[in-house]
Every structure is written in structure tokens, then in C-alpha cells.
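Values below: all heavy atoms of this structure, side chains included; hydrogens, waters and symmetry mates excluded. Within every chain, numbering begins at 1; the chains are lettered A, B, ... in the order of the sequence lines, protein sequences first and strands thereafter. On a predicted model such as this, the values are computed, not experimentally measured, just so you know.
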Number of protein chains: 2
Amino acid sequence: MISEKLSKEKENAIINAARKRFAHYGFSKVTMEEIAGDVEMGKASLYYYFPTKDDLFRAVIFQEQNELKKSIELILEKPKYASEKLREYVEQRMKFFRILINLGTLSVHSYFDTKSVFKKLFLDFEMVELDLIKKIIDEGKLKNEFNPDLPDNAALTFLHILQGLRCRVLRWTKGQSLDDETHKILQNEMKAATDFFIHGIENK
Amino acid sequence: MISEKLSKEKENAIINAARKRFAHYGFSKVTMEEIAGDVEMGKASLYYYFPTKDDLFRAVIFQEQNELKKSIELILEKPKYASEKLREYVEQRMKFFRILINLGTLSVHSYFDTKSVFKKLFLDFEMVELDLIKKIIDEGKLKNEFNPDLPDNAALTFLHILQGLRCRVLRWTKGQSLDDETHKILQNEMKAATDFFIHGIENK
DNA sequence: TTTCGACTGTTCAAGTAAAACAGTCGAAAA
DNA sequence: TTTTCGACTGTTTTACTTGAACAGTCGAAA
């Protein structure tokens, strides 16, 4: 209780060490002993802060997700066209998911299938993303910039298109991290899809 | 030489037997002996018609692809709105790929990764599909129905969106065939995406 | 409150042996 | 000449075993 701040700091140090390792080697290839070594602790001490390896991993993902959320909320506050905001959102999202891919979480052959524990984390975040997209579209409607036929469906469909494009590209990678070239291709595809989507909901 | 017709007939019988087996159990779980048994032949006889198991599988896929191509070309000839043709194309394409998924070819955990032999087959067919979509869009342009900003990019982006949506849904299935409910969901998503795309390229 | 050495039960990876398989060949039937 | 197939071979897959590595526990100590 005395050193609540210090405790939080150590927790963060562990999360950061874990993120670096996970990002490089993936969940299964990292041991708790290695992470403990990085923060100069005994392995058992890690279990004082995180009851399981899964929990530590979840904390890493959660941190990353929150950072994306914050960066998008920042975009929302800017005085820009809604269409411009949508484009910036897509860009931010790509950067973020590149990290997640390196975290070995989104790869096709990843833990996703077996460890459904992590599924919930991503499903929850999908709701957060959906909300952010809806806000951008609603703003566009208010400004008479957008006029979608099906406002409710628009956000969901758009999110699924983005998810799909990423998924499709990941199929080609052999479970390893995305190389620069593939990332560029994906970037262009997402931009093109965003353009078509914006054209589709624009007020005419 | 005398019985060329009979020979073709037997070849087809083999392909049909193979398709049934592959569709049910997937490429790796089917043996040449089983297929031979279905057409009441010895295993060695199969090798008279198809030099390898891969070749037989390719023949099955090729037949399916050709059937889709024909059915889409039929749509193209009808006197309908280009937008309607695009919607029908998406529908036909879904039916077709459901068969391919059952063939165990498109599943995430499929032979796709290891056997790059099959990759070419699908890459080639992507070109065929691209061509068909381009034809529909061009027709729409001629009729002043469509007016896309980037005509060349439109077809490719649209195809990739469709591929992506399918890929995204397949991620949830455990490598098994798509159940009816999931298929319905995918169908609705594709329809929604098609609507947005059509709106995006419509002449305003 | 926080740390950790020493421990446990489980999971995973490397190795192995046997079975199943794709593909061959030469002889025989049509 | 065209088509069939039994008997064969070398390779791949699978089922099983074993030792090591691992996640997670606990009680003592700082």
C-alpha cells in the first residue's frame, strides 16, 4: 500500500519487457523466465504481479489497444472533413495492427484458434472500433458530408472490409511478421477500399 | 485412338469420384486406392489417366472453375443493369466457393501453404475473375450507369474485398466446412459490401 | 508487501519404428 | 495398340516413447 506507485511502475516494466519479447518471438516462444531476466527479477516474482502468462499477454494487448483508441480519439477532435478522419483512422489502424501481427496474435496460424481466451479481447475491441467509426460517420451526416443509405450497417460493413483485407494478405505470409513490401500493398488496398466506401456514402 | 470418347468418359468418371471424395474429406485424407475403388478400377489404372495425385486434384478444381466461368458468362449476356449483373456475379461466386471450401482447398489450414502447386491455379483464375468484373464495369460505363474514378483499380479492389470477407469468415471455422449459419452471415456481408461498392462507382 | 529458491505436474519436442501411401513396372488382357 | 492391374519400391505419415523445458506453486526470508 505504501509503494502503490512503485508497484505500478514494476508492473509496467514487466509489460514492456514482455511486449518486446512477444513482439519478436510470439507468445509461445517466450518463457516467463526470459521476461523475468529482462526486468532482473526471479520468475516467481512475475507471478506476484500477473497470475498467469495469459494474463500478462492480455495486459500487453490491452495496452496496445488503448493506445490505438487514444490516437483515434485524438483524430476525432481535429477540425477536419469526416472523410479525412476516416482516412486517418485507417492509417492509424494499420500501424497498430502491424504491431499486433508482430505480436504473433493475428497471424493465421496463431494462438487464435486454440486459445479462445484472447478472442474475447479482440471481440471487445471490435465494439470500440465500431463505435469510433460510427462517430465519424455520424459527424459526416451532421455536416451533410455523408448520406449513407444504411447508416447502421455502414460502419460494420466497413470494419469487416478492413479486417478482411488484412486477413487476406496474412494468408500469404507464413505466420511470420509482415514484410515491408506486403505492408505497402495492404496499405494501398485499404486506401482504395476506403475511397470507394467514402464515395459510396457521400452526399450527392 | 479408337475409343477416344470412352477414354474421356472414364477420365470424367474418375474426376467425379475424386471430387466427391475430396469434397468430403479434403485432399490429404483421400487415397488413390479409394478413388480407384469408387470407379471399380485398380489403383495403378488411375495413373494411366492422371500421372500424379496432384494432377487429378488440379483437374477437379479446373472443372469447378470452368463451371463458374460459364455461369458468369451467361449472366453477362442477359439484358440487365450492370449493377444487377454485379450482384448476380457475387451470388454465383459464393455458391462456387462454398464447394471449394468443402474441397478443403481454401481453408486456412489447408494445403495452400505447403503445396504452392495449387497456388498458380487460383492465381490464374483470379485473372479470369478480374476480367469478368472489368467487363461488367465497362458495360456499366458504356450505359452511363457507372462512372468510377479509377476504372482499372475498381475491379481489383472489389475482388480483393470479396476475397477478404471470405477469408475473414473462414478464420472462425476450424478448418472444417462452412456451416449454414456462417454462410448466411457471409452472404449478407458480401451483399452489403457490393451495395457500397456499386454506390461508390455509380454515375451521379 | 515484495522477492525468490526449490519444487511439481504438465506439455512439448526429438527420436523411432511400423504402417500407409504415392508412384513404378512389366506382364497380360481387351 | 490401348488399357488394366498385381506386385513391388522408396518415401511420408502416424502413433508411440522419453527426456527436457515449461508454467505455475509454496513457504521462507527480506
Could you tell me the separation between the CZ atom of B:Phe50 and the P atom of D:dT3, rounded to a whole number of Å? 13 Å
Measure from NZ or CZ of B:Lys191 to the centre of the six-membered ring of B:Phe196, then state whether that distance is under 6.0 Å and the direction lies within 45° of the axis. no
Find the distance B:Glu33:CD to D:dT13:C1' and express it as a whole number of Å. 16 Å
Let me know the distance between CG of A:Leu46 and P of D:dG24, rounded to the nearest Å. 11 Å
Does D:dT11 have OP1 or OP2 under 4.0 Å away from a side-chain N or O of B:Lys53? no
Under 4.0 Å between a side-chain N/O of B:Tyr48 and OP1 or OP2 of D:dT4, yes or no? no
Looking at the base of D:dG24, is there any donor atom on it, or on the side chain of A:Lys43, that sits under 3.5 Å from an acceptor on the other one? yes
Atom CZ of B:Phe27 and atom C1' of C:dA22 are separated, to the nearest Å, by 10 Å
Starting at CE of B:Met32 and ending at P of D:dC5, how long is that distance when rounded to a whole Å? 14 Å
Using atom CE of B:Met41 as one end and atom P of C:dA29 as the other, report the distance to the nearest whole Å. 17 Å
Find the partner of D:dG10: check Watson-Crick (N1-N3 plus N6-O4 or O6-N4) and G-U wobble (N1-O2, O6-N3) distances, both under 3.5 Å, and reply none if neither fits. C:dC21
Can you tell me how far P of D:dT3 sits from CD of B:Glu11, to the nearest Å? 10 Å
Taking the six-membered ring of A:Tyr48 as reference, does the cationic atom of A:Lys10 (NZ for Lys, CZ for Arg) lie under 6.0 Å from its centre and within 45° of its axis? no
Is there a side chain to side chain contact (heavy atoms under 4.5 Å, CB included) between A:Phe96 and A:Ser71 once you walk through the steps? CA-CA 10 Å; A:Phe96 164 69; A:Ser71 80; over 6 Å; no
Of the candidate nucleotides C:dA13, C:dT24, D:dT25, which contains the atom at the shortest distance from the side chain of B:Tyr47? C:dT24
Rounded distance [0.5 Å steps], CZ in B:Phe57 versus CG in B:Asp55: 12.0 Å
Counting only Watson-Crick pairs (N1-N3 plus N6-O4 or O6-N4) and G-U wobbles (N1-O2, O6-N3), all under 3.5 Å, who is the partner of D:dA29? C:dT2
Categorize B:Ser45 for me: base, sugar-phosphate, or nothing, with a 4.0 angstrom heavy-atom threshold over every strand shown. base
Do the side-chain N or O atoms of A:Ser7 get closer than 4.0 angstrom to the phosphate oxygens (OP1, OP2) of C:dT1? no
Of the listed D:dC5, C:dG23, C:dA22, the closest approach to the B:Thr31 side chain comes from C:dA22
Complementary nucleotide for C:dT16 - Watson-Crick or wobble, under 3.5 Å: D:dA15
Check whether any side-chain N or O of A:Tyr49 sits under 4.0 Å from OP1 or OP2 of C:dT3, and answer yes or no. yes
For the side chain of A:Thr52, starting at C-beta, report the closest nucleotide among D:dG24, D:dT3, C:dC4. D:dG24
Measure the spacing between CD1 of A:Ile61 and CZ of A:Phe122 and express it to the nearest 0.5 Å. 4.5 Å
Taken to the nearest whole Å, NZ/B:Lys29 to C1'/C:dA20 is 11 Å
